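Side chains included, hydrogens not; waters and symmetry mates left out as well; all remaining heavy atoms used. Since the structure is predicted, the reported quantities are computational estimates derived from the model, not experimental observations. Quick note on labels: first sequence line is chain A, next is B, and so on, each numbered from 1.
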2 protein chains.
Amino acid sequence: MKKKTSLKDIAREAGVSVTLVSYVLNGKNIERINADTATRIREVASKLNYTPNFIAKSLKKNKTYTLGLIIADISNLFYSSIARIIEDKAQENNYNMIFGSADENMEKFKGLVDVFLRRQVDGIILAAPAHSEETLKYLSEQRVPFVLIDRFFPSIDDASFVVIDNFKASYKVAEHLHDNQFKHPVMITLTSELHHLRERSRGFEEGGKHFFGDRSDYIITVEEEKLSGEIEKTIKELIYGDRQVDALYFSTNKIAMEGLAAIAKFKIKVPDQLGVVCFDEADAYRIFNTSITYVKQPLKKIGDQVVKTLLNIVEGSKEVEHVVFNTKIISGESSER
Amino acid sequence: MKKKTSLKDIAREAGVSVTLVSYVLNGKNIERINADTATRIREVASKLNYTPNFIAKSLKKNKTYTLGLIIADISNLFYSSIARIIEDKAQENNYNMIFGSADENMEKFKGLVDVFLRRQVDGIILAAPAHSEETLKYLSEQRVPFVLIDRFFPSIDDASFVVIDNFKASYKVAEHLHDNQFKHPVMITLTSELHHLRERSRGFEEGGKHFFGDRSDYIITVEEEKLSGEIEKTIKELIYGDRQVDALYFSTNKIAMEGLAAIAKFKIKVPDQLGVVCFDEADAYRIFNTSITYVKQPLKKIGDQVVKTLLNIVEGSKEVEHVVFNTKIISGESSER
DNA sequence: TTGAAAGCGCTAACAC
DNA sequence: GTGTTAGCGCTTTCAA
């Protein structure tokens, strides 16, 4: 790459000191600088095509105007959507994002946090995997500005977060299915210790008990690694077995895709034979043969809020913000009876 | 954030000079440093929890170990998939990615390039929108290392790129449809001046002429902005109108999603009533009621290669690399007769 | 074996 | 109004 012009170059060319150039170009102390000198400096600067050296500025100010974003997987629709919103919002505030995918793996997560800290990001937005409490505590101790997104940890109470009310989201799904005359709904979710998924389950369990009777078999968990095979088996059993389940609620968009794939494969009729509700929206639902009912998170609000909260902290706020958004059920034919 | 420990802190604590600390911690001139001193320095460093100041290093070395990635839209499946691969590969080489979405908008693209240059990225990977030749020429002139991905511009011949053979990809689709007894195939694509999309069309046109007869109505273009409505109308006309089209080829994954959605909506039988081939893979195809035939790009190869090529340039190579990969047709029931 | 010192490009307190 | 200077944390030349 070509060498950039520096303040020194401009100073030399304009016959003034570096200080003055710095002042003029940053608009500082401008009131007591000779107008002509200022103009001349600006002219030389633009003639030499000056752009400030970001790194030098960062070193001096100890601020990089860079934020880190750690998510599970950038190629997952939910995260890429939120990433896009965060990116735009950061851009708007003159920050850049560096990102990394932790694959729900606590070691990878820790590695990424380390990388970001070494890069001296001004703050981090993170969707933390299970068992990452240690790392989060470390961040707190080091006074690194960070905000949790999507999930939080009850044991970490001094961290800001922006999440949705997962309990209520699922409870409302139970109610929705009841309103639509379904009798035997089951939620399929991932075997996970993540609090937000637990809450999603708890909400459906409570809702189930309230609307469908006091049983304890409203939830079925599947291990993430065996998702594909397991879910086909599970669905077959539920539909054709003794339980006569008449509606399924998939608790994440990943599970939803697998579940819908199985339903398509077995040519199960939705909603006649089986009602379906999915978590999270997806363009892809439209290619399913029935329009899909889904729980919609306010992605834009979440993304904007998380950047706002983080920048507050970066700028010195000591306040811990806990923002909880509500979800909406977008009704499709898949759960209409 | 807490203040970091610096070389100076270590030097003071260990009673040596900063130089020595720098040498030891970077493993330089290690052969002529007293082993005990070295050990002591390392001990102090770890005791004080030293991590090097990346910014200072960058300033000194004029290298940030950061790469920029500009794509159309990170929330688009194709780009988020490739982003994930690039991210991993960069990580592997101790580089970080900052990214931005240009939305196929030349102004936004230019803006992002500017931002990245100001950030002094060591190199840029870009999926450039139409009419961005000016910006690319500027990058060439400034000797900024960059590699084009997905699309290239015939008029810019000194830029490295990693792409697929779009002509051949589409030609093979025509052949595939012919092999499967289809008679009247049409390709639906975007109205676009992008060379790679043009090539995709040209391939199908040539293939069509070769396999289905010398006509000139093999391609239908739709404007991106009106995609949703337009495509429904188009498909209806093609199927139920005079043309008796019996197979559709969707030229991008975005069009494919829209097209499949329309097909699902109209309850068109695939493949009996209509054969379907899509460009690019998508998990979501599985929830369509028929398994989908698609053109598969070697994403992993592309992503790995583009990082490799870029790092070569970053490290001083003057060679212009033009890498063209081939695609594969993954056959599903949607085009089997 | 070790260290002093210059300098990467910039900011800002403090002269003049 | 303008300039001198110190210093952010690091690397590296040169001298000791």
Side-chain angles (χ1 to χ4, degrees), chain A residues 1-42 44-45 48-66 94 117-122, chain B residues 1-42 44-45 48-66 94 117-122:
Chain A
M1 280 201 256
K2 267 192 194 170
K3 218 186 132 291
K4 303 178 51 156
T5 44
S6 67
L7 290 190
K8 216 205 269 182
D9 299 328
I10 300 174
R12 195 185 316 113
E13 181 86 11
V16 294
S17 77
V18 174
T19 313
L20 214 48
V21 179
S22 169
Y23 283 154
V24 169
L25 265 27
N26 288 297
K28 286 208 172 144
N29 301 326
I30 202 75
E31 64 286 355
R32 49 191 176 93
I33 292 172
N34 183 305
D36 291 349
T37 324
T39 321
R40 188 153 39 93
I41 288 173
R42 274 191 269 264
V44 174
L48 296 184
N49 240 315
Y50 175 77
T51 54
N53 183 316
F54 211 85
I55 303 171
K57 255 190 174 142
S58 297
L59 179 60
K60 187 72 194 178
K61 300 258 198 102
N62 204 21
K63 189 159 167 35
T64 56
Y65 283 93
T66 304
N94 291 313
L117 290 183
R118 251 180 285 139
R119 298 245 153 198
Q120 280 139 289
V121 294
D122 294 338
Chain B
M1 282 202 255
K2 267 193 195 169
K3 217 185 133 290
K4 304 178 50 153
T5 44
S6 67
L7 290 190
K8 216 206 269 180
D9 300 327
I10 300 174
R12 196 185 316 112
E13 181 86 9
V16 293
S17 75
V18 174
T19 314
L20 214 47
V21 179
S22 170
Y23 282 155
V24 169
L25 266 28
N26 288 297
K28 286 207 171 146
N29 301 326
I30 202 76
E31 64 287 355
R32 48 194 178 89
I33 293 173
N34 184 303
D36 292 350
T37 326
T39 320
R40 187 152 41 91
I41 289 174
R42 274 191 269 262
V44 174
L48 297 183
N49 240 317
Y50 175 77
T51 54
N53 184 317
F54 211 86
I55 303 170
K57 255 190 173 142
S58 296
L59 178 59
K60 189 70 194 177
K61 299 253 197 107
N62 204 21
K63 188 158 167 39
T64 56
Y65 284 93
T66 303
N94 291 312
L117 290 182
R118 251 181 286 139
R119 297 247 153 196
Q120 280 139 288
V121 294
D122 295 337

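- Of the two residues near DNA chain C, A:Lys3 and A:Tyr23, the one whose nearest nucleotide lies more 5' is A:Lys3.
- Here the nucleotide nearest the side chain of B:Leu20, chosen from C:dG3, D:dT11, C:dT1, is C:dG3.
- Applying the 3.5 Å distance criterion, the base of C:dT11 shares no donor-acceptor pair with the side chain of A:Thr19.
- Here C:dG9 presents its P atom at 23 Å from NZ of A:Lys63, a figure rounded to the nearest Å.
- An OP1 or OP2 oxygen of D:dT11 is reached within less than 4.0 angstrom by a side-chain nitrogen or oxygen of B:Lys57.
- Proximity of B:Ser6 to the phosphate of D:dG9: no side-chain N or O atom is located under 4.0 Å from OP1 or OP2.
- Put simply, A:Asn29 has no side-chain N or O that comes within less than 4.0 Å of OP1 or OP2 on D:dG1.
- One atom, CD1 of B:Ile30, and another, C1' of C:dT1, lie 12 Å apart when rounded to the nearest Å.
- Note: CG (A:Asp9) to C1' (C:dG7) measures 14 Å, nearest angstrom.
- For the pair B:Ser22 and D:dT12, the criterion of a side-chain N or O lying under 4.0 Å from OP1 or OP2 is not met.
- Judged by distance alone, with hydrogens and angles left aside, B:Lys60 brings no side-chain donor or acceptor close enough to the base of D:dG9 to form a pair under 3.5 Å.
- Rounded to an integer number of Å, the gap from CZ of A:Arg40 to C1' of D:dG1 is 12 Å.
- For B:Ser58 (side chain) and B:Phe54 (main-chain N/O), a donor-acceptor pair under 3.5 Å exists by modelled atom type.
- Closest approach to the A:Asn53 side chain among C:dC10, C:dA12, C:dG7 is made by C:dC10 (side chain taken as heavy atoms from C-beta onward).
- Here the side chain of A:Thr51 pairs no donor or acceptor atom with the backbone of B:Arg118 at under 3.5 angstrom.
- Out of D:dT2, C:dC10, D:dT12, the shortest distance to the side chain of A:Asn34 is found at D:dT2.
- In this model, the phosphate group of C:dC8 is approached by a side-chain N or O of A:Lys8 to a distance below 4.0 Å at OP1 or OP2.
- As rounded to whole Å, 11 Å separates atom P of C:dA13 from atom CZ of A:Arg32.
- A donor-acceptor pair is defined here as one N or O able to donate and one able to accept, closer than 3.5 Å; such a pair exists between the side chain of B:Lys4 and the backbone of B:Pro52.
- Neither OP1 nor OP2 of D:dT11 sits under 4.0 Å from any side-chain N or O of B:Lys28.
- At least one side-chain heavy atom of A:Leu7 sits less than 4.5 Å from a side-chain heavy atom of A:Leu25.
- Positionally, the nearest nucleotide of DNA chain C for B:Ile33 lies more toward the 5' end than for the other of B:Leu59 and B:Ile33.
- Distances shown here put every side-chain N or O of B:Tyr50 at or beyond 4.0 Å from the OP1 or OP2 atom of D:dG9.
- In this structure, A:Gln120 places its CD atom 9 Å from P of D:dG9, rounding to the nearest Å.
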